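Quick caveat, the model's predicted, so the values are computed rather than measured.
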Amino acid sequence: MEKKLDLRVIKTRNALTKSLYDLMCEKNFGDITVTELCERALVRKATFYKHFGDKSELLIYMIRELQSSSLESGQIVGDPDNPISYYVGVFAYFINFIDENRPFIDSVLKSGSIFYVRDILEEQIRLDIDDRLKREARQDLRDSHSMLSSIYAGAIVSCGVWWVGDGGKTSKKQLLEQFARFTEKM
């Protein structure tokens with residue numbers, strides 16, 4: 001049975017998460033201090049450290065929460081029995097996640113925290129793909145599912161990061177169409 005969190009814990013984490021998100025939309029992660037986070041969230045520093053070891057831990061927590069709520073609100077659209085449809089659906093989900101959180105993602109890319117974000121996002125995508133590959137009918141795919149899921153997740157996240165750095169030269173629609181064409185050729 002899952003242990004329920006105390007409402008005070010939930011409120012504190014929500015306040016800290018919202019404050020970090022808002023601050024990262026305004027400035028670089030490296031320039032944000034724990035004191036500034038606590039002041040914005042109306043939380044004491046001692047309370048902050050009761051929940052998180054440092055602001056990087058809060059960032060990781062926040063990304064996982066964003067990803068979790070994004071997955072709950074917009075499941076991956078694509079036919080799980082059709083590999084091309086499925087991978088295009090995973091990519092579209094990821095691009096929509098980036099688009100919905102664009103100011104935050106831009107801030108992450110400008111800071112040294114991109115590695116945290118990449119690892120966390122890639123991990124969830126890898127787990128989703130790995131689960132699908134384990135059920136794959138082809139034995140050769142089932143045998144190498146772990147490596148393949150890492151390759152696909154890495155490619156999806158790398159393309160998303162490239163798109164953000166592209167500076168708007170490629171529209172979301174164009175990006176999804178290109179990804180679909182490339183996927184068909186694999």
| Set of residues satisfying side-chain hydrogen bond (donor to acceptor under 3.5 Å, both in side chains) with respect to Tyr61, sequence neighbours excluded | none
| said: For Ile125 and Tyr152: C-alpha separation, side-chain torsions, deciding distance, then whether side chain to side chain contact (heavy atoms under 4.5 Å, CB included) applies. | reply: CA-CA 9 Å; Ile125 291 170; Tyr152 291 146; over 6 Å; no
| field | Pairs flagged by side chain to side chain donor-acceptor pair (under 3.5 Å) wherever residues 153-166 is involved - sequence neighbours left out | value | Arg118-Ser158, Asp166-Thr170
| task | Starting from the C-alpha separation in whole Å, work towards a yes-or-no answer on side chain to side chain contact (heavy atoms under 4.5 Å, CB included) for Leu20 and Arg40. | result | CA-CA 9 Å; Leu20 179 59; Arg40 172 111 19 141; over 6 Å; no
| query | Got a sec, which residues hit salt bridge (Lys or Arg N to Asp or Glu O under 4.0 Å) with Asp31, two or more places apart in sequence or on another chain? | reply | none
| request: Can you sort out the partners of Arg44 under side-chain hydrogen bond (donor to acceptor under 3.5 Å, both in side chains), two or more places apart, ordered by chain and number? | output: none
| query | Taking atom CE of Met62 and atom CE of Met24, what is their separation to the nearest 0.5 Å? | reply | 5.5 Å
| field | Closest non-hydrogen atom pair, Asp130 against Ser149 | value | OD1-OG, 3.3 Å
| request: Mind checking side-chain hydrogen bond (donor to acceptor under 3.5 Å, both in side chains) for Glu177 and listing every partner two or more places apart, or none if nothing turns up? | output: none
| task | Kindly compute the distance separating NZ (Lys18) from CG (Leu23), expressed to the nearest 0.5 Å. | result | 10.0 Å
| remark: One should read off an interatomic distance between Thr183 OG1 and Gln178 CD, to the nearest 0.5 angstrom, of 11.0 Å
| message | Can you list everything that forms a ring pair (Phe, Tyr, Trp, His ring centres under 6.0 Å) with Phe91? Sequence neighbours excluded, please. | response | Phe179
| request: Not counting sequence neighbours, list each pair that qualifies as a salt bridge (charged side-chain N to carboxylate O under 4.0 Å, His left out) and has a residue in residues 46-56. | output: none
| task | Quick one: list whatever passes side chain to side chain contact (heavy atoms under 4.5 Å, CB included) with Thr12, sequence neighbours left out. | result | Leu16, Val43, Thr47, His51
| query | Considering residues at least two apart in sequence or located in another chain, which fulfil the side chain to side chain contact (heavy atoms under 4.5 Å, CB included) criterion with Ile60? | reply | Arg64, Tyr116, Ile120
| task | Taking the side chain as every heavy atom from C-beta outward, state whether Tyr86 and Asp128 have any atom pair closer than 4.5 Å. | result | yes
| field | Gap separating the CG atom of Asp119 from the CD1 atom of Ile63, nearest 0.5 angstrom | value | 9.5 Å
| request: Look up atom CG in Leu175 and atom CD1 in Ile95, then write down how far apart they are to the nearest 0.5 Å. | output: 4.5 Å
| request: May I ask you to decide if the ring planes of Phe97 and Phe94 are parallel, tilted or perpendicular, using 30° and 60° as cut-offs? | output: parallel
| task | Please list, chain by chain and in numerical order, all residues satisfying salt bridge (Lys or Arg N to Asp or Glu O under 4.0 Å) with Glu36, sequence neighbours excluded. | result | Lys27
| remark: Hits for side-chain hydrogen bond (donor to acceptor under 3.5 Å, both in side chains) against Gln174, two or more places apart or cross-chain, chain-then-number order -> Ser171
| field | Shortest non-hydrogen separation from Ala41 to Ala15 and the atoms involved | value | CB-O, 3.6 Å
| Lys45: partners by side chain to side chain contact (heavy atoms under 4.5 Å, CB included), with sequence neighbours left out | Val34, Thr35, Cys38, Tyr49
| task | Supply the atom-to-atom distance Leu59 CG to Phe104 CZ, rounded to the nearest 0.5 angstrom. | result | 5.0 Å
| query | Side-chain contact, heavy-atom cut-off 4.5 Å: Val88 with Leu176? | reply | no
| request: Could you tell me whether the side chains of Glu100 and Asn96 share a donor-acceptor contact shorter than 3.5 Å? | output: no
